[in-house]
Amino acid sequence: MEEAGEPGREESGDSSSTQETFPAAPSPPGPGAAPAVSEEPPAAAEKPEGEAAEPGGGSEPKADCQAGEVNSQEGLELASTETEDSTLQTSAAKKIKIEIKEKKEKKQKVDEDEIQKMQILVSSFSEEQLNRYEMYRRSAFPKAAIKRLVQSITGTSVSQNVVIAMSGISKVFAGEVVEEALDVCEKWGELPPLQPKHMREAVRRLKSRGQIPNSKYKKITFH
């Protein structure tokens, strides 16, 4: 009895499993009943998530691509401008170097020409003129006196370079006064050596021509 019953259980279990795997066919609708609506949506309506997001989110990758292209174009433009600026800077630096080199060469050439002219002039001096020229080259104002005078006028201490410059300027000024005094002596029909009256007349003429600044302050009153 038990052995006969066991197969019956197995068959019932098999039948139940077949019922679960194979759904029952829908019963025909009655005359007054509405047709049953299928629970499964149509296959065409089912779309993956990625495809469903295309209508709304498809513009985002395009916008990203456009932004990337714009950034790349801007980067290229910046790189080109930087290269242009660097080339301009290098060309300007080269031009400045060339100009400085040309100026140095020109100055050196002028100095060489002046030295050559001076050598020709000195070679044509007489013995008396050569002695006078040597005395002129050796003569100089004492730097201590020049420094003391400049400091008394400015009220501040001055460097050695300023003292040297003022000594040279004073020597040139004295040479101009002596040259004018020699002209005065010649016009008056007199012969050297120079006298104080010649020096005073030379200074007066230089002041009248505006070559010596007027050191005295004159108060101008308007009536």
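Only heavy atoms go into these numbers, but all of them, side chains included; no hydrogens, no water, no symmetry mates. Values in this document were obtained by computation on a predicted structure and should not be read as measured data.
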request  = Verify the neighbour count for atom CD of Glu179: are there more than 12 heavy atoms of other residues, nucleotides or ligands below 6.0 Å?
outcome  = no
query = Is it true that Glu201 and Arg205 have a side-chain N and a carboxylate O under 4.0 angstrom from each other?
reply = yes
ask   = Looking at side-chain heavy atoms only, is the closest gap between Lys101 and Ile98 below 4.5 Å?
value = no
inquiry  = Starting from Phe173, can I reach Tyr136 by hopping between I/L/V/M/F/W/Y residues whose side chains sit under 4.5 Å apart?
reply    = no
query = Any chain of hydrophobic side-chain contacts (each under 4.5 Å) joining Met199 to Ile212?
reply = yes
ask   = Does atom CD of Glu105 have more than 12 heavy-atom neighbours, drawn from other residues, nucleotides or ligands, at distances under 6.0 Å?
value = yes
task = To the nearest 0.5 Å, tell me how far Ile120 CD1 sits from Lys117 NZ.
result = 9.0 Å
key: Closest contact, heavy atoms only, Phe141 versus Ala174   = CZ-CB, 4.1 Å
ask   = More than 12 heavy atoms of other residues, nucleotides or ligands under 6.0 Å from CD of Glu127: is that the case?
value = no
key: Val203 vs Lys207, side chain to side chain contact (heavy atoms under 4.5 Å, CB included): CA-CA, chis, key distance, verdict   = CA-CA 6 Å; Val203 171; Lys207 280 185 177 180; 4.1 Å; yes
request  = Quick one: pull up CD1 in Ile164 and NZ in Lys147 and give me the separation to the nearest 0.5 Å.
outcome  = 11.0 Å
query = Are Glu176 and Val172 side-chain neighbours, meaning at least one heavy-atom pair lies under 4.5 Å?
reply = yes
query = For the side chain of Lys171 and the backbone of Ser139, is there at least one donor-acceptor N/O pair under 3.5 Å apart?
reply = yes
query = Is there a side-chain contact between Gln211 and Glu180, using heavy atoms and a 4.5 Å cut-off?
reply = no
message = Within the structure provided, determine whether Lys107 and Asp111 are in side-chain contact (heavy-atom separation under 4.5 Å).
response = yes
remark   = Rounding to 0.5 Å, atoms NZ (Lys95) and CD1 (Ile100) come to a distance of 13.0 Å
query = What are the two closest heavy atoms between Ala202 and Val177, and how far apart are they?
reply = CB-O, 3.6 Å
request  = Would you name the heavy atoms of Thr156 and Gln151 that are closest together and state the gap between them?
outcome  = O-CG, 3.3 Å
query = What are the two closest heavy atoms between Val163 and Ile146, and how far apart are they?
reply = O-CG2, 4.0 Å
request  = To the nearest 0.5 angstrom, please state how far the CD atom of Glu190 sits from the CD atom of Gln195.
outcome  = 6.0 Å
query = Does Met118 CE have over 12 foreign heavy atoms under 6.0 Å away?
reply = yes
query = Taking atom types as modelled, is there a side-chain donor on Arg137 or Tyr133 under 3.5 Å from an acceptor on the other?
reply = yes
